[in-house]
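The sequence lines fix the lettering, A, B, ..., with proteins before strands; numbering per chain opens at 1.
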Number of protein chains: 2
Amino acid sequence: MLNERSLTVSQDCAECPIRHRAVCARCESDELERLEEIKYYRKFEAGQTVIWSGDRMDFVGSVVSGIATLTQTMEDGRTQMVGLLLPSDFVGRPGRASAAYDVVATTDLVMCCFRKSPFEEMMRQTPHIAQRLLEMTLDELDAAREWMLVLGRKTAREKIASLLSIIARRDASINMRTATGTLVFDLPLTREAMADYLGLTLETVSRQISALKKDGVIELEGKRHVTIPDMARLLDEAGDDSDGGMFA
Amino acid sequence: MLNERSLTVSQDCAECPIRHRAVCARCESDELERLEEIKYYRKFEAGQTVIWSGDRMDFVGSVVSGIATLTQTMEDGRTQMVGLLLPSDFVGRPGRASAAYDVVATTDLVMCCFRKSPFEEMMRQTPHIAQRLLEMTLDELDAAREWMLVLGRKTAREKIASLLSIIARRDASINMRTATGTLVFDLPLTREAMADYLGLTLETVSRQISALKKDGVIELEGKRHVTIPDMARLLDEAGDDSDGGMFA
DNA sequence: CGTGATTTTGAAGTCTTTCAACACGCGTGG
DNA sequence: CCACGCGTGTTGAAAGACTTCAAAATCACG
């Protein structure tokens with residue numbers, strides 16, 4: 001269960017699926033060449049822990065494919081997800097010695113890693129990397145603040161609707177479709193992971209999903225395959241301004 | 001009530017109380033000189049709104065003295081605080097046209113402002129500023145994630161204890177004392193602001209403060225003056241590992 | 001087709017909110 | 001000097017939302 005298989009997969013940055021969104025997005029070709037020298041790929045299986053909170057962090061990296069979660073756990077076992085890491089998202093904090101959160105692979109996961117000190121050195125020499133990392137960090141901070149509103153002030157039903165709309169939106173964005181009208185996607189999270197995301201119990205998550213289904217806000221095939229017949233309706237249930245969400 | 005009085009207070013960066021912590025912390029003296037050319041001070045009275053969410057942001061800046069809050073509001077009036085801005089904290093996002101949150105002065109407030117485009121230009125030319133801003137943004141992201149655990153998983157009593165310990169700690173840090181043993185400080189927030197911070201109602205905040213007082217975890221003189229006889233006890237009530245909090 | 005993980009559903013219990021009334025502190029003005 | 005009004009804070013009682021505990025249903029998979 002805990003055998004950490006780490007395979008090396010050589011690959012060209014120019015062909016990388018996250019080339020234009022990751023921390024390297026602004027790099028010129030000569031900068032990419034230098035990154036290629038220090039990068040290496042690691043694979044993790046669904047359910048595997050990538051990093052334990054408190055461990056020494058000797059690498060940073062980007063999610064290439066798959067999904068990972070960032071979670072905090074209290075001594076008594078209560079856990080709260082504090083980040084949902086999708087392809088192109090950055091893991092780790094330059095300048096910090098040990099990990100502040102658990103990172104767990106939710107699906108099979110491929111990461112593009114850099115040993116920490118060469119990456120930090122590269123950051124000092126390459127403003128493009130630091131610039132992009134700042135931009136990404138500001139985006140994450142905005143997302144975290146949006147999430148704080150969800151956690152602090154929304155009802156269970158609104159929380160579920162919010163999470164579904166976030167997933168629907170990013171799914172549309174990855175597949176280059178518009179996030180309006182009818183949308184279809186697979187939930188990448190278990191009920192328990194959704195509960196940890198939203199500060200609920202898994203039973204409440206299940207009940208609210210059933211309620212949204214009964215009310216026709218969503219349709220389900222199996223447990224994970226979701227159809228949103230009317231995105232505006234879902235956004236309304238989430239308590240958001242239904243401005244359509246003009247984000248990248 | 002809404003007369004926005006903005007006074008200009010000329011002042012020397014070298015003497016600035018937030019010189020070593022703000023976005024300019026890493027700047028050399030020649031860089032400071034250039035910043036001095038584009039900076040200006042603005043004062044706000046307690047209660048005044050500094051920026052309305054959605055407004056065009058034509059400046060960014062640092063809190064010099066006083067306290068401000070960052071809040072989000074839903075259409076029906078529910079509000080969630082998403083940031084507590086203390087001296088040296090940065091306001092505004094380079095590269096963004098309009099404000100995403102309301103910024104409100106909780107106490108009388110002095111800000112050191114920069115018009116946005118000159119500041120953005122300066123950021124491009126001055127890696128020290130971008131570096132420092134990245135560092136500060138990463139710190140804020142960590143704080144937001146800690147806050148998410150509080151919002152999502154802690155009980156009302158733990159939430160209050162968490163907030164009190166955060167304020168106690170930063171107060172000790174500003175006054176250069178250790179955050180252990182007995183601590184004394186004034187609450188900079190009303191019960192309602194605390195409720196907005198913690199995702200509670202102001203009644204629940206009041207009840208839990210009374211309960212902590214009854215149990216001897218805190219002592220009160222008036223409504224705002226707090227004594228913590230035993231910081232470790234408070235941290236325990238907050239549900240945190242009582243590791244003493246080794247932060248700057 | 002059985003086994004374990006995941007999910008759903010029910011019933012009771014708990015915590016927080018809601019609604020309401022009252023107390024306190026403070027500045028204004030009679 | 002004291003009454004009044006207003007913002008802020010406290011407290012009580014009832015209602016409500018979510019959790020907890022328990023059991024059954026469904027799904028994935030060998």
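Within the nucleic acid shown, A:S210 comes within 4.0 Å of sugar-phosphate atoms alone, with no base atom in reach, counting heavy atoms only.
Distance alone, capped at 3.5 Å, is enough to place a donor-acceptor pair between the A:D108 side chain and the A:A46 backbone. Side chain of A:S206 to backbone of A:L202: no donor-acceptor contact under 3.5 angstrom is found. The main-chain N or O of A:W52 is never found under 3.5 Å from a side-chain atom of A:T49 such that the two would form a donor-acceptor pair. One N or O on the side chain of B:D89 and one on the backbone of B:L86 form a donor-acceptor pair closer than 3.5 Å. At distances below 3.5 Å, at least one donor-acceptor pair connects side-chain atoms of A:Q72 with backbone N or O atoms of B:R145.
Side-chain N/O atoms of B:D102 and B:S53 include no donor and acceptor closer than 3.5 Å. B:T178 and B:T180 are linked by a side-chain donor-acceptor pair at a separation below 3.5 angstrom, with hydrogens and angles left out of the test. For the 3.5 Å distance criterion, the side chains of B:S165 and B:S162 fail to qualify, holding no donor opposite an acceptor.
Against DNA chain D, the stretch residues 184-203 of chain B makes heavy-atom approaches under 4.0 Å through B:T190, B:R191, B:L202, B:E203. For the segment residues 155-164 of chain B, the set of residues with a heavy atom within less than 4.0 Å of an atom of DNA chain C comprises B:T155, B:A156, in numerical order.
A close approach under 4.0 Å does not occur between any side-chain nitrogen or oxygen of A:R224 and OP1 or OP2 of D:dA28. Contact annotation: B:S206 side-chain N/O to D:dT11 OP1/OP2 distance is not under 4.0 Å.
A nucleotide of DNA chain C counts as in contact with chain A when one of its atoms lies under 4.0 Å from a heavy atom; the first and last such, 5' to 3', are C:dT7 to C:dA11.
Comparing A:G222 and A:R207 against DNA chain D, the residue whose closest nucleotide sits nearer the 5' end is A:R207. When the nearest nucleotides of DNA chain C are assigned to B:K223 and A:R153 by heavy-atom distance, the more 5′-ward of the two goes with A:R153. Comparing A:V205 and B:V205 by the nucleotide of DNA chain D whose heavy atom lies nearest to each, the residue mapping closer to the 5' end is B:V205.
For the pair B:R42 and B:F59, the cation sits on the ring face: its NZ or CZ lies under 6.0 Å from the ring centre, inside 45° of the axis.
Checked for salt-bridge contact, A:R78 and B:E158 meet the test: a charged N lies under 4.0 Å from a carboxylate O.
Counting to the nearest Å, the C1' atom of D:dT26 and the NE2 atom of A:H225 are 18 Å from each other.
The structure places CG of A:L151 at 12.0 Å from CZ of A:R153, a figure rounded to the nearest 0.5 Å.
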